[in-house]
Amino acid sequence: MSFPLLTATAVLPAIGAIATAAVPAAQRTAAKWLALLVSLGTLALAITVLVRFDPGGDRYQLTESHSWIADFGVRYELGVDGIAVALIALTALLIPFIILAGWHDADPLETGSKRWRPTQGFFALILAVEAMVIISFEATDVFLFYIFFEAMLIPMYFLIGGFGDRAHEHGEKVASTQRSYAAVKFLLYNLVGGLIMLAAVIGLYVVAGNFSLQDIAEARANGTLDMATNTERWLFLGFFFAFAVKAPLWPLHTWLPNAMGEATAPVAVLITAVVDKVGTFAMLRFCLQLFPEASKWATPAILVLALISIVYGALLAVGQRDMKRLIAYASISHFGFIIMGIFAMTSQGQSGATLYMVNHGISTAALMLVAGFLISRRGSRLIADYGGVQKVAPVLAGTFLIGGLATLSLPGLAPFVSEFLVLVGTFTRYPVIGIIATFGIVLAALYVLVLYQRTMTGPVKPEVSAMPDLRVRELVVVAPLVALLLFLGVYPKPLTDIVNPAVQQTMSDVQKKDPQPEVEAAK
C-alpha cells in the first residue's frame, strides 16, 4: 500500500494542533516553535505533493479511497487536480509566515492585568484551520468536504473573537465587544450558508445515490444520471449560496470587513488568503462539475453580482479611515474578479481566476502583514494617525509599497498576470462586463496610492518619529512574499503549467469552448 501522502498533509497540522495545545502553560516559546516546525513539516509535504503531481496525468492524482459510513454511501475519498495542488501549496506556504508574524500576538496582555492570553491555543487554532482547509482542497467525497467546510468555522470563530487586534481607538472594553460581534457575525453568516448547502447535499444524495464527486460527474457525463432541470438548478443554488458567503460575494460579504478589522493581522490573512479560497475553489470543483447546465443558466446573474463586488468593494475601499478595513474591501473587489473569471466560461478566465486565488493570497498576505507590523508600532489602525513613515522606517515603507502595488495589479508583479487573464477571458464572451470591470483597476490604483501617500509620505508625525524599521523576524516574513510576487510576475509558467490542464477539464465538464476571434478575411 502506497504512503497516504494527502492524508499525511492534512493530519500533520491536526496532530500539531493537539500537541501545541498540550504544551504546559508556562512554555509559551516552546509552543510557538512547535507550531512553526509543524507548519514547516506540512510545507515539506505540500511540496512533495507538488513534485509528485503530473500535470499531464489523470485528472485526480494521489487518490485515496476507503469506506467510512457505508450505510449512507459516505467514503473517505481524496484526490487532487492542478487547481487543488496550487491552493494546497499556497496554504502550506502562508501558514509559517502567519505564525511568525503573529509570534507575539497571543502573549500575555501588557496592561498590568492578570488576564492570560492562551498562547498555546492561538497557535493550535491556526494549525487546526490549516488541517481543515487542506483536506477541503483534497476531498472528492461531497459529504467529507462538507464536514470540514463547516468545521473550520469553529477555530476561526475563536481566533477572531478571542484573539482580536489590540489597536483600538475606543479602548479594550469596546474592542472586546466589537470582536465578539465580528466573530458571531462571521459564524452566523457562514452557518446559514452551510445549512442551506447541507439541504443541497442531502438532495444530491437522494438524486445520485452516493456522495462521490467522480462517480456523480462520470454518471452525468455518460448519461446514466439525468437530473431534472429544476432539481439541478435548486441543488446548484444551495451549493453556490454557501460558497458565495465564504468567498465572499456581494451582497453576502458584510461579515468580512468586521472580521478582518477586529482580528489580528495574521488572522486577517488567514481569513482572506486561505479560508475564503475554499469558497472560490469549490465553485470550480463542485458547482461546475456537478451542475454544468445550472452553472450556465446562472452565469449572467453571477457575473452581474461579481461586477457589483468589483466596483462596490473598490469604492468603499477608497473611503475607508481604517487601514485593515480598507484591505478587507479591496479583497471583496478582488474576489469579484475571481468569481467573474470562473463564470466567464473561458479557459483564459478560469486560468486567470485560479492564478488570482494564489496571487491574491500572496499579495494580500504581504500588504496585511506589513500593515500589522505598522499598526503594532503605532497602536492605531486609523490612516490619519500616520504620516512620514518612509523617512523613519524606509524598509517598512518600501515593502508596504510593493504589497500595495501588487494589490493594484501593477505589471511585473504576480496579480497583474491573473487579472489580465480574467479580463481578457471575460471580454471575449461578455465584452460589456469586461469593460465595466476595468474600472476596478482604476479604483484600486486610487485607494492604494492614497493609502501610501497618507501613511508614508509628508511630514513626520511626532507619534511615528521614533518608529523602528522592520526587525529580522519581520523581514523573514516579508522578504519571501515579495520575492514570490516578483518571480510569478515575470515568470508565471510553472503555475500555469499546473493549473491549465485542470481548467481544460472543467471547461469540458460544462461543454464550453473558447470563443473564436473574428478575423476579417484577407483581401
Side-chain angles (χ1 to χ4, degrees), residues 1-22 34-53 60-69 74-99 123-156 158-159 194 211-214 246 270-271 273-282 284-286 357-358 361 498 502:
M1 183 177 178
S2 60
F3 179 71
L5 182 58
L6 297 185
T7 294
T9 308
V11 167
L12 178 59
I15 294 174
I18 297 170
T20 302
L34 176 59
L36 181 60
L37 290 174
V38 169
S39 69
L40 292 173
T42 305
L43 176 59
L45 289 174
I47 292 172
T48 306
V49 171
L50 187 64
V51 170
R52 290 187 57 184
F53 181 79
Y60 293 106
Q61 300 178 32
L62 306 174
T63 55
E64 302 172 30
S65 182
H66 307 281
S67 180
W68 183 20
I69 310 175
V74 180
R75 297 185 62 81
Y76 177 80
E77 285 190 348
L78 305 180
V80 289
D81 60 3
I83 298 169
V85 166
L87 292 174
I88 290 169
L90 171 70
T91 302
L93 174 71
L94 290 181
I95 295 299
F97 297 132
I98 288 171
I99 289 173
F123 293 101
L125 289 169
I126 291 174
L127 291 176
V129 172
E130 180 182 25
M132 293 175 186
V133 169
I134 287 175
I135 202 167
S136 296
F137 291 141
E138 297 173 344
T140 56
D141 181 279
V142 177
F143 191 80
L144 178 67
F145 168 83
Y146 173 78
I147 288 175
F148 290 99
F149 180 81
E150 287 293 276
M152 70 180 70
L153 302 179
I154 299 171
M156 285 306 309
F158 288 108
L159 283 170
F211 292 106
S212 173
L213 172 66
Q214 297 181 71
K246 184 85 79 179
L270 189 64
I271 295 169
V274 177
V275 172
D276 288 354
K277 297 301 186 299
V278 178
T280 47
F281 163 79
L284 279 166
R285 171 166 281 190
F286 295 101
M357 290 186 229
V358 176
I498 293 172

**Q.** For I15, side chain to side chain contact (heavy atoms under 4.5 Å, CB included) partners two or more places apart
**A.** V11

Q: To the nearest 0.5 angstrom, please state how far the OH atom of Y60 sits from the CG atom of L6.
A: 12.5 Å

Q: List in chain and number order the residues that pass side chain to side chain contact (heavy atoms under 4.5 Å, CB included) with I47, two or more places apart in sequence or in another chain; answer none if no residue qualifies.
A: L43, V51

**Q.** Partner residues of A22 under the side chain to side chain contact (heavy atoms under 4.5 Å, CB included) criterion, sequence neighbours left out
**A.** none

In residues 142-153, what donor-acceptor pairs under 3.5 Å come from side-chain atoms, sequence neighbours left out?
| from | atom 1 | to | atom 2 | distance (Å) |
| --- | --- | --- | --- | --- |
| Y146 | OH | G194 | O | 3.2 |

Q) For the residue pair A92 and P96, what are the closest heavy atoms and their distance? A) O-CD, 3.0 Å

**Q.** S39 to I95 - nearest heavy-atom pair and separation
**A.** CB-CG2, 3.8 Å

Q) Would F137 and V80 satisfy side-chain contact (heavy atoms from CB on, under 4.5 Å), going step by step from the backbone distance to the final call? A) CA-CA 7 Å; F137 291 141; V80 289; over 6 Å; no

Q. Taking only residues at least two apart or on different chains, which pairs with a member in residues 5-20 satisfy side-chain hydrogen bond (donor to acceptor under 3.5 Å, both in side chains)?
A. T7-E64, T7-Y76

Q | Set of salt bridge (charged side-chain N to carboxylate O under 4.0 Å, His left out) partners for E77, sequence neighbours left out | A | R75

**Q.** Distance-minimising heavy-atom pair for L94 and A273
**A.** CD1-CB, 3.7 Å

Q. So, R285 side chain and A139 main chain: donor-acceptor pair closer than 3.5 Å or not?
A. yes

Quick one: side chains of residues 81-89, donor-acceptor pairs under 3.5 Å with protein atoms, not counting sequence neighbours, listed by atom name and distance.
| from | atom 1 | to | atom 2 | distance (Å) |
| --- | --- | --- | --- | --- |
| D81 | OD1 | I83 | N | 3.3 |
| D81 | OD1 | A84 | N | 2.9 |

N/O donor to acceptor pairs below 3.5 angstrom from side-chain atoms of residues 129-136, sequence neighbours left out:
| from | atom 1 | to | atom 2 | distance (Å) |
| --- | --- | --- | --- | --- |
| S136 | OG | M132 | O | 2.8 |

Q. Nearest 0.5 Å, what's the CG-CD1 distance between L159 and I154?
A. 12.0 Å

Q: Could you pull out all residues at least two apart from L12 that satisfy side chain to side chain contact (heavy atoms under 4.5 Å, CB included)?
A: V38, T42, L45

Q. How far does CG of L93 sit from CD1 of I98, to the nearest 0.5 angstrom?
A. 9.5 Å

Q.
The criterion is side chain to side chain donor-acceptor pair (under 3.5 Å); which residues satisfy it with K277, sequence neighbours excluded?
A. H360

Q: Measure the spacing between CG of L78 and OG1 of T140 and express it to the nearest 0.5 Å.
A: 6.5 Å

